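First up is the structure itself, then whatever we jot down about it.
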Amino acid sequence: MKKDISGTIKRAERFSIILLGEGMLVGIAAGITVIAYRVLLEQAGAWNRMLVDLASQSAAYGAAWFAILAVMALITARLVSYEPMISGSGIPQVEGEVVGKLRQKWYRVIICKFIGGFLCMLGGLALGREGPSIQIGAMTGKGVSKRLDRGRTEEHFLITCGASAGLAAAFHAPLAGVMFSLEEIHKNFSVSVLTSVMTASLTADILSTLVLGTDSIFRFEITEVLPTGYYWMILLLGVILGLLGAFYNWFTLKAQSLYGRIGKGGNAVKLMIPFMAAGVLGFTFPDLLGNGHDMITQLTHTDMMFGTVMLILAGRFLFSAVSFGSGAPGGIFFPLLVIGGYIGGAFATAGVQYMGLDPVYVNNFVLLAMAGYFAAIVRAPLTGIILIFEMTGNLNHMLSLSVVTIVAYVVATLTGSRPIYESLLERFMEKNGGKTDADESVKQKILANFVVEKGSVPDGKLIGEIEWPDNCLLVAVQRGAEELIPRGRTRLLAGDMIVTMGDERDMDAVREKMEELCRGL
């Protein structure tokens, strides 16, 4: 297909229809790929528990298990050195790809992420499958784009579709997949993106349901809706979650910095640390191993003492930082929900003992803390709310979820803490540089959309009065269902979507300047 100015504009006129069909195709491909990844990691988790039990039977078996862990650490290190894009959760890499800062070899990322994720879960590291599932889904979308020979603009849409399908298949949460992809990955709510992403997400979720069933990720009972008389405790919990979320972001980056000081040995030494730590914990505190799903089940189905909850919370927090900071191919998406749940459990347990909280509402606070902690760390509050009620299958707590999420979000923002994936992308680029897929052409034209926010520079001004970025062509102004041809005397209003075109090599700088220009007060 033609990827010059005329070809790009002509195809963009039919994006809403084209992307609908392509979104379904990406949903099928990404759904199948992520389901396979999910099944593989669940099997690895089961094998880890079996191997840890076997290693506990004798000193010889224990020594053999540590030797196996060392081999797995070395193999994982070789994978990360071979394909640095698989390091961590992969969400920052997807965001970097969408905004044009990074280029990933989609097939290498998928293969290496499969193997690396399997080894990390088999070793018992405190990492999640959800971030990697988003990256794998996004790279599957990129693979579909390459096979169909699509332009870069369309490729970014299909990457977003794949990310949405990946989260939907991993969490059995199609609406959260849509919201996360729009709120965090694409950062755009245009009709073309929304319809294609929703199609991909629903398609992947249907496949996941057919293969894995309809059960929610978390299955614990919340028998009563929290009375309004306890809402002061929700506000207090929101403040605590905001502060602890900001601390989590700082601590995670600090852990990466400490690992960064390791010189000789590089990735091998870095990854040996969490694998050996997992080996020690297997004999001393095996509940801390893995993604933490069983920890939430234990918290919500048994009466745990405050000291026990705090001990598990501290251990899980530290082991999660040790695992993720090493650069191992695994995510923090699910582990941070587990940590948030234990913060809520500790808060509720203290509430029962000291603040007159009825014990029947303990699980309510576990649920609320998951959403609030997610919002404080990721700064995607709508995704947090939708994700929690989809994973639990309970729609009765929307008001309390909204309150705790907003409070945690505001408090974390006021501390000056940046969203975790934004910070991780910046760190990744400092370490690995920018675009890496050097053999790809940089002569394509790319369309980008920017929303004029209330109080921004363009709001209420004529196009001719505004100093636009260099190497940037204004193609159209979308105002609701109406599309305007941009002229010097066209007056822009808040809510307008400006469609720009530029060379691929210039789009990174253009995007930053346009986002700054269109950002409101």
Side-chain angles (χ1 to χ4, degrees), residues 37 40-56 59-90 93 108-129 131-132 135 252 255-292 315-332 334-335 424 427-428 431-432:
Y37 181 73
L40 180 68
L41 262 61
E42 287 178 353
Q43 188 60 58
W47 286 344
N48 172 263
R49 291 187 290 272
M50 179 188 70
L51 289 170
V52 169
D53 289 340
L54 181 63
S56 302
Y61 286 162
W65 176 233
F66 273 98
I68 293 172
L69 287 172
V71 171
M72 289 194 291
L74 292 174
I75 295 174
T76 306
R78 291 293 298 271
L79 286 170
V80 174
S81 298
Y82 171 69
E83 181 48 78
M85 292 291 180
I86 69 169
S87 176
S89 70
Q93 290 90 310
R108 278 190 8 183
V109 169
I110 292 175
I111 294 171
C112 293
K113 202 79 173 188
F114 257 78
I115 301 172
F118 173 78
L119 292 174
C120 289
M121 188 60 65
L122 183 62
L125 272 64
L127 299 169
R129 64 173 182 246
Q135 186 182 26
T252 299
Q256 283 193 335
S257 298
L258 292 175
Y259 271 109
R261 296 178 182 177
I262 296 175
K264 190 176 180 179
N267 289 330
V269 176
K270 292 178 184 177
L271 286 160
M272 196 66 69
I273 294 173
F275 274 93
M276 291 299 103
V280 174
L281 289 173
F283 296 104
T284 58
F285 211 154
D287 290 343
L288 296 181
L289 298 178
N291 63 11
R316 182 67 186 188
F317 181 88
L318 292 173
F319 185 44
S320 178
V322 169
S323 298
F324 185 77
S326 67
I332 57 173
F334 194 90
L424 291 174
R427 284 286 184 91
F428 184 87
K431 178 182 177 183
N432 299 281

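Everything quoted here is computed from the prediction, not taken from an experiment.
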task = Write down the atom of Ala277, the atom of Phe319, and the distance for their closest heavy-atom approach.
result = CB-CE1, 4.1 Å
request  = Over all heavy atoms of both residues, which pair between Ala328 and Leu125 is shortest? Give the atoms and the distance, please.
outcome  = CB-CD2, 3.9 Å
query = Can you tell me how far CG of Leu127 sits from OG of Ser89, rounded to the nearest 0.5 angstrom?
reply = 10.0 Å
request  = Could you check if a side-chain atom of Arg427 sits within less than 4.5 angstrom of a side-chain atom of Ser257, using non-hydrogen atoms only?
outcome  = yes
remark   = Value for CZ (Phe285) from CZ (Arg316), rounded to nearest 0.5 Å, stands at 11.0 Å
query = Can you name the nearest heavy-atom pair linking Trp65 to Asn48, along with the distance?
reply = CZ2-ND2, 3.8 Å
ask   = CE of Met121 to CD of Gln43: how many Å apart, nearest 0.5 Å?
value = 12.5 Å
ask   = Which atom pair, heavy atoms only, marks the closest approach of Ala73 to Phe275?
value = CB-CD1, 3.6 Å
query = About how many Å separate CD of Gln135 and OH of Tyr37, when rounded to the nearest 0.5 Å?
reply = 9.0 Å
ask   = Do Ser326 side-chain atoms and Ser323 backbone N/O form a donor-acceptor pair below 3.5 Å?
value = yes
Spacing of Lys270 atom NZ and Gln256 atom CD [to the nearest 0.5 Å] = 9.0 Å
task = Verify, without hydrogens or angle tests, whether Tyr259 (side chain) and Val322 (backbone) share a donor-acceptor contact under 3.5 angstrom.
result = yes
All N/O donor-acceptor pairs, side-chain side in residues 78-88, below 3.5 Å, sequence neighbours left out:
{"residue": "Ser81", "atom": "OG", "partner": "Ala77", "partner atom": "O", "Å": "3.0"}
{"residue": "Ser81", "atom": "OG", "partner": "Asn267", "partner atom": "ND2", "Å": "2.9"}
{"residue": "Glu83", "atom": "OE1", "partner": "Arg108", "partner atom": "NE", "Å": "2.9"}
{"residue": "Glu83", "atom": "OE1", "partner": "Arg108", "partner atom": "NH2", "Å": "3.0"}
{"residue": "Glu83", "atom": "OE2", "partner": "Met85", "partner atom": "N", "Å": "3.1"}
{"residue": "Ser87", "atom": "OG", "partner": "Gly327", "partner atom": "O", "Å": "3.1"}

request  = Give the ring-plane orientation class for Phe118 versus Trp47, where under 30° counts as parallel, over 60° as perpendicular and anything between as tilted.
outcome  = perpendicular
task = Indicate the atoms forming the closest heavy-atom contact of Cys120 with Thr76, along with that distance.
result = SG-CG2, 4.2 Å
inquiry  = Just verifying a value: how many Å separate Leu51 CG and Ile68 CD1, rounded to the nearest 0.5 Å?
reply    = 6.5 Å
request  = Kindly give the heavy-atom pair with the smallest separation between Leu54 and Tyr61, and that separation in Å.
outcome  = O-CD1, 3.4 Å
